[in-house]
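All ligand and atom numbering here is 1-based and tracks the order in the structure. Keep in mind that what you see is a predicted model, and the values were worked out from it rather than measured.
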Amino acid sequence: MVSLRINDIPVTVPAGTTVLEAARSAGFNIPSLCFLKDINEIGACRICVVEVKGAKSLVASCVYPVTEGMEVYTNTERVRKSRQLTLELILSNHRMDCLTCARNSHCELRQLASDLGIDAVRYASDNMYPQIEDSAPHLVRDNSKCVLCRRCTAVCRATQEVGVIGPNDRGFATHIGCAFDRDLNEVDCVSCGQCIVACPTGALSEKDDTGKVLAALNDPKKHVVVGPAPSVRVTLGECFGMPIGTNVEGKMVTALRRLGFDKVFDVDTAADFTIMEEGTEFLSRLNGGGKLPLITSCSPGWIRYMEQHAPEMMANVSSCKSPQQMFGSLVKTYYAETMGIDPDDIFVVSIMPCTAKKYEVRREEQRLPNGCMPVDVSLTTRELGRMITQAGLLFDHLPDGTFDEMLGISTGAAAIFGASGGVMEAALRTVVEQLTDGGMAPLEYKEVRGMEGVKEASYELPGRTVRVCVASGLHNVKLVLDGIRDGSMQYDFVEFMACPGGCINGGGQPIQHADVRNFTDIKALRAAALYKQDEDMEYRRSHKNPVVQTVYHAYLGEPGGHKAHELLHCTYIK
Ligand code: HC1
Ligand code: SF4
């Protein structure tokens, strides 16, 4: 342990702690901008400077380790003036259209200006114009709002190991973009959106598709159906200031109804169908009918990564469409036919924690035999939050509603899809029971829970061992892929999610400031809300879902059968 004094208060912290973290533990907040714990620790922006007795210049506290006997001052005149000047210089090169900016209510830069007492910008430039790059289906970049903190590039390079964005040019001309300033849709971006949630300003945002949804809602010829993803119900409340990990499913359903959707169904229901199909596929492969390990296919960021960096794994990837796409497929076939509605008149909207889902809905191999694309528009959690606000719905006053039943009853297995390990656990709940003819049927598989990047487990079943692996975040996915390739890792079933921690931490989720992300495990809090929901549910295994049973009996036939294959599976073509 190391003992030091911060603002004359004695503090003892473990060796290796930074001054910023030590100050926090003693109750002093040091403002920062470029610092993202474990991701971007470069001490570049100089907002977090402090005085250390004996040091010639101010030091960047986010990268400065504590030493025995150190005396630190976090709030002297010299420190305050330095931070203010630094921020004024950053603002001098920032297009300040705060009133109309997508991030106006939750911009870290605006918050910093307020926290540091900046009441005028002495060097403001009056000739700044938008620099929009919107070539990709999921993301808009406006470099006139970029502060060059490098948080986006660090996430893309280190967390995701994709590395398609970085600084171009030098000096005053420095700007973030793709190599040779190519458009984002021309490079190997996987659409994960992790750069968006890392960005402190409005320089990065999701492509706003709310206008298309409002147009459909206003079109009397359209029958507009909506379904939210598993993790959205435990994050949407953050858009309205609720604590991280609050489950707002009931209010969310009421909000969707009051926005005017004709049917409010649940993507969780479709996740139960995914388990039926993927479970059947796994059992068939275990019995010699295809390559092992079987790798999950729900995460479109992972699918895109596979196509670009591991195409030889394509035969291992499940042919199941993702729950989002199974949802749209069932709405435009089973629901349309049962209700006698022309599927061309149905407009399907999904609410997703994910920006890559905007890309997935456009993928041609998803098209249904009736010619329809399953989902018309995929909105992020943030976009839904904005629609609710713009419609004047007082979210915390809304009564709880329930989903329309026809595709709106689901299980605890589906609920946990939203957390890393959830798809695996949901599958095991059904598959182990089937493999052992009901002889073994544990409900919980806690080995695959938690926020570690790579989790492994093996299960001894009569006559066979089933080895599984779960990885989230593409850096971890790559580690496992390399292990599978060189034979050092051997599994039967693998779950890959592009975003670290799974969908609860997707690129479309409500954005939390770095000073929250750096000191709170937001992934764990959001995941805990899903596991709590699972515990409280009437049905906890996908095959027990009465909607699943009805639809297979009345419409689809057997899981893995001909019709199920036509509607719920696809062949990746790249
Ligand atoms: Fe996910 Fe999935 S869990 S991929 O994270 O399989 O996005 O929540 O909707 O499709 O169900 C996302 C979440 C989501 C799909 C499901
Ligand atoms: Fe990188 Fe993901 Fe952002 Fe694309 S969306 S630039 S892959 S972080």
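Considering every non-hydrogen atom in both V234 and A529, the closest pair reads CG1-CB, 3.5 Å. In terms of heavy atoms, E312 sits closest to K291 at O-NZ, 4.5 Å. Taking each heavy atom of L568 and S329 in turn, the nearest pair found is CD2-CB, 4.3 Å.
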For S378 and E360, what are the C-alpha separation, side-chain angles and deciding distance, and is it a side-chain hydrogen bond (donor to acceptor under 3.5 Å, both in side chains)? CA-CA 9 Å; S378 182; E360 185 181 53; over 6 Å; no

Criterion side-chain hydrogen bond (donor to acceptor under 3.5 Å, both in side chains) on H138 and T355, from CA distance to verdict: CA-CA 5 Å; H138 64 294; T355 49; 5.1 Å; no

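The closest protein non-hydrogen atom to atom 6 (O) of ligand 1 is C298 CB, 3.0 Å. With hydrogens left out, the protein atom closest to atom 5 (O) of ligand 1 is C503 SG, 0.7 Å, a heavy atom.
Atoms of ligand 1 lying under 4.0 Å from at least one heavy atom of K357, given by number and element, are 4 (S), 7 (O), 10 (O), 12 (C), 15 (C). Atoms of ligand 1 found under 4.0 Å from any heavy atom of S231, numbered from 1 in the order shown, are 8 (O), 13 (C). Within ligand 1, counting atoms from 1 as listed, the ones closer than 4.0 Å to a heavy atom of A229 are 8 (O), 9 (O), 13 (C), 14 (C). With ligand atoms numbered from 1 in the order given, ligand 1 contributes 11 (O) to contacts under 4.0 Å with heavy atoms of A271. Distances below 4.0 Å separate heavy atoms of Q324 from the following atoms of ligand 1: 10 (O), 15 (C). Every atom of ligand 1 is numbered from 1 in the order shown, and the set under 4.0 Å from a heavy atom of C354 is 7 (O).
One finds a salt bridge joining E444 and R540 here, because a Lys/Arg side-chain nitrogen approaches an Asp/Glu carboxylate oxygen to under 4.0 Å. Remark: E433 engages R541 in a salt bridge, criterion side-chain N to carboxylate O under 4.0 Å. At a threshold of 4.0 Å, the pair E249-R233 counts as salt-bridged, since one of the basic side-chain nitrogens sits closer than that to a carboxylate oxygen.
The backbone N or O of C570 lies less than 3.5 Å from no partner atom in the side chain of K321, so there is not a single donor-acceptor pair.
For E360, no nitrogen or oxygen atom sits less than 3.5 Å from a nitrogen or oxygen atom of ligand 1, counting backbone and side chain alike. At under 3.5 Å, not a single nitrogen or oxygen of S299, backbone or side chain, sits near a nitrogen or oxygen of ligand 1.
By the 4.0 Å heavy-atom criterion, P353 is counted among the residues contacting ligand 1. Heavy atoms of G502 stay at 4.0 angstrom or farther from ligand 1.
Other residues, nucleotides and ligands contribute only 12 or fewer heavy atoms inside 6.0 Å of the NZ atom of K478.
For the residue pair H475/E161, the side-chain donor-acceptor check at 3.5 Å is satisfied.
Contacts of M352 with ligand 1, taken as heavy-atom pairs under 4.0 Å, involve the side chain alone. In Q325, neither the side chain nor the backbone holds a heavy atom less than 4.0 Å from any atom of ligand 1.
Protein residues having a heavy atom under 4.0 Å from any atom of ligand 2 are H138, C156, V162, V164, I165, C189, V190, S191, C192, G193, C195, listed by chain and number.
A centroid separation of less than 6.0 Å is found between the aromatic rings of F273 and Y552. Residues Y305 and F496 keep their aromatic ring centres 6.0 Å or farther apart.
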